Amino acid sequence: MQNATLHQLKVFEAVARHSSFTRAAEELFLTQPTVSMQVKQLSKTVGMPLFEQVGKKLFLTSAGKELYATCQDVFQRMTEFEIAIADLKGLKQGTLRLAVVTTAKYVIPRILGPFCQRYPGIDISLTVTNHQHVLDSLSSNRDDLYILSQLPDESDAKVYPFLENPLVVLAPCNHPLAKEKDIPLIRMAEEPFIMREPGSGTRKAVQKLFDQHGLPLKVKLDLGSNEAIKQAIAGGMGLSVLSKHTLALEGLNNQLIILDVEGFPIERYWYVVHPSGKQLSAIARAFFDYLLNEGKRVAEETSYQRLLEH
Ligand code: PGA
């Protein structure tokens with residue numbers, strides 16, 4: 001095993017956990033051939049196959065099961081090591097300042113939970129605001145890290161994707177289009193629409209899609225809150241486009257439905273961002289690494305992804 005790399009073990013662990021090359025590739029932001037290649041090289045190093053395909057399902061072989069258990073031990077020890085180093089680096093106390101766009105509030109607090117357990121002495125200052133305000137904080141260097149779904153225009157920032165953030169069309173359950181499939185985008189132009197306020201990233205993404213197709217939107221109402229928009233949709237005031245994550249806590253709850261509209265979901269990501277010249281504090285660096293390495297898994301484990309798949 002001297003020739004196996006930590007990266008290969010990470011890739012293998014993700015495939016084993018998901019029982020899927022595709023999902024592991026998504027989680028790690030790698031292509032599927034890259035993931036397959038890493039696993040192939042690892043099984044060559046081990047000298048035995050690690051997975052077997054039975055029908056459409058992927059199973060661990062006996063060697064794969066041994067390696068999976070070993071990976072869990074190795075990663076557990078690594079985490080303990082990181083905590084020990086964190087103590088040495090002065091991660092015992094201090095504040096982590098985060099500014100996140102409104103839709104990220106459905107995910108970031110959950111991701112923060114295990115991080116705070118790992119570093120119990122750290123305090124968090126979490127500002128939840130819209131895209132434009134997060135950009136303002138970024139340019140005035142007010143916080144340690146920023147979470148955005150739309151890349152800042154000026155390139156003087158480092159951006160790293162860590163989780164999908166699809167935008168979907170929401171309607172009340174009793175809407176006439178509720179059961180339709182492949183609804184043409186043009187049909188949306190006939191519906192009253194509820195939009196997020198100017199400055200919102202969600203609004204920008206929706207506007208961009210309709211502009212690209214030369215379609216006007218009948219905006220009946222601007223609202224500065226995702227929760228208020230959900231209430232307005234349920235109350236029959238119109239349709240809207242929101243992040244699928246806004247449904248994560250209570251699901252569709254028999255009040256709202258996701259319409260199957262051409263061009264949707266709008267595929268987007270959340271990015272963690274900092275100014276390129278910024279020296280991250282030890283705490284900010286620790287959270288940054290944690291977000292990129294474990295954020296997606298923690299979000300899934302806290303049931304977001306499972307909920308979102310329904
Ligand atoms: P918003 O940003 O809260 O400004 O709409 C969210 C997003 O861009 O996804």
Side-chain angles (χ1 to χ4, degrees), residues 1-52 58-92 96 107-122 124 145 160-164 269-270 272 280 282-306:
M1 286 300 282
Q2 303 289 339
N3 294 332
T5 65
L6 204 53
H7 179 62
Q8 284 173 344
L9 294 182
K10 271 194 182 165
V11 171
F12 164 78
E13 191 275 338
V15 176
R17 183 163 29 87
H18 289 294
S19 303
S20 159
F21 284 88
T22 314
R23 293 212 59 188
E26 277 169 20
E27 174 178 310
L28 300 169
F29 296 104
L30 296 172
T31 64
Q32 209 206 356
T34 308
V35 168
S36 305
M37 180 53 72
Q38 295 293 330
V39 170
K40 206 166 156 189
Q41 280 170 357
L42 188 59
S43 51
K44 215 163 147 197
T45 309
V46 172
M48 294 180 87
L50 300 170
F51 292 102
E52 58 197 357
L58 195 65
F59 293 94
L60 285 166
T61 59
S62 300
K65 282 183 193 154
E66 287 291 335
L67 184 58
Y68 187 45
T70 306
C71 280
Q72 284 172 321
D73 287 349
V74 169
F75 293 136
Q76 176 61 30
R77 286 291 297 140
M78 295 281 284
T79 305
E80 287 164 15
F81 171 72
E82 274 168 18
I83 294 170
I85 291 294
D87 283 352
L88 294 175
K89 277 190 189 157
L91 282 169
K92 277 200 169 129
L96 170 66
V107 173
I108 292 296
R110 292 189 182 229
I111 294 181
L112 275 168
F115 181 77
C116 291
Q117 278 161 16
R118 200 174 290 176
Y119 304 111
I122 290 178
I124 310 285
L145 294 169
Y160 306 83
F162 66 94
L163 193 63
E164 296 87 355
Y269 286 92
W270 276 305
V272 55
L280 293 182
I283 294 170
R285 168 59 56 191
F287 184 68
F288 177 82
D289 291 342
Y290 164 80
L291 197 57
L292 289 187
N293 293 326
E294 301 174 58
K296 183 161 171 151
R297 179 180 55 74
V298 176
E300 282 179 9
E301 278 173 7
T302 51
S303 91
Y304 264 88
Q305 219 54 29
R306 251 177 290 150

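In this chain, numbering begins with 1 at the start of the sequence shown. Bear in mind the structure is a predicted one, so any value in this text is a computation, not a measurement.
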Pair listing, side chain to side chain donor-acceptor pair (under 3.5 Å) test, anchored in residues 6-16, at least two apart:
Gln8-Gln41, Glu13-Arg17
Taking the side chain as C-beta and beyond, is there a heavy-atom pair between [X] and [Y] under 4.5 Å?
{"X": "Leu28", "Y": "Thr34", "answer": "no"}
{"X": "Met1", "Y": "Leu9", "answer": "yes"}
{"X": "Leu280", "Y": "Leu145", "answer": "yes"}
{"X": "Phe75", "Y": "Leu6", "answer": "yes"}

Taking NZ, NE, NH1 and NH2 as the nitrogens, is one of them in Arg77 or Asp73 under 4.0 Å from a carboxylate oxygen of the other?
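Answer for the salt bridge query: no.
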Verdict with reasoning, Phe21 to Val39, per side-chain contact (heavy atoms from CB on, under 4.5 Å):
CA-CA 9 Å; Phe21 284 88; Val39 170; 4.0 Å; yes
Closest approach of [X] and [Y], non-hydrogen atoms and distance?
{"X": "Tyr290", "Y": "Arg118", "value": "CD1-NH1, 3.8 Å"}
{"X": "Cys71", "Y": "Phe12", "value": "SG-CD2, 3.8 Å"}
{"X": "Leu163", "Y": "Ala299", "value": "CD2-CB, 4.0 Å"}

Are the side chain of Ser43 and the backbone of Leu50 linked by a donor-acceptor contact shorter than 3.5 Å?
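No; zero donor-acceptor contacts below 3.5 Å.
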Which label fits Tyr160 and Phe288: parallel for a plane angle under 30°, tilted from 30 to 60°, or perpendicular past 60°?
perpendicular
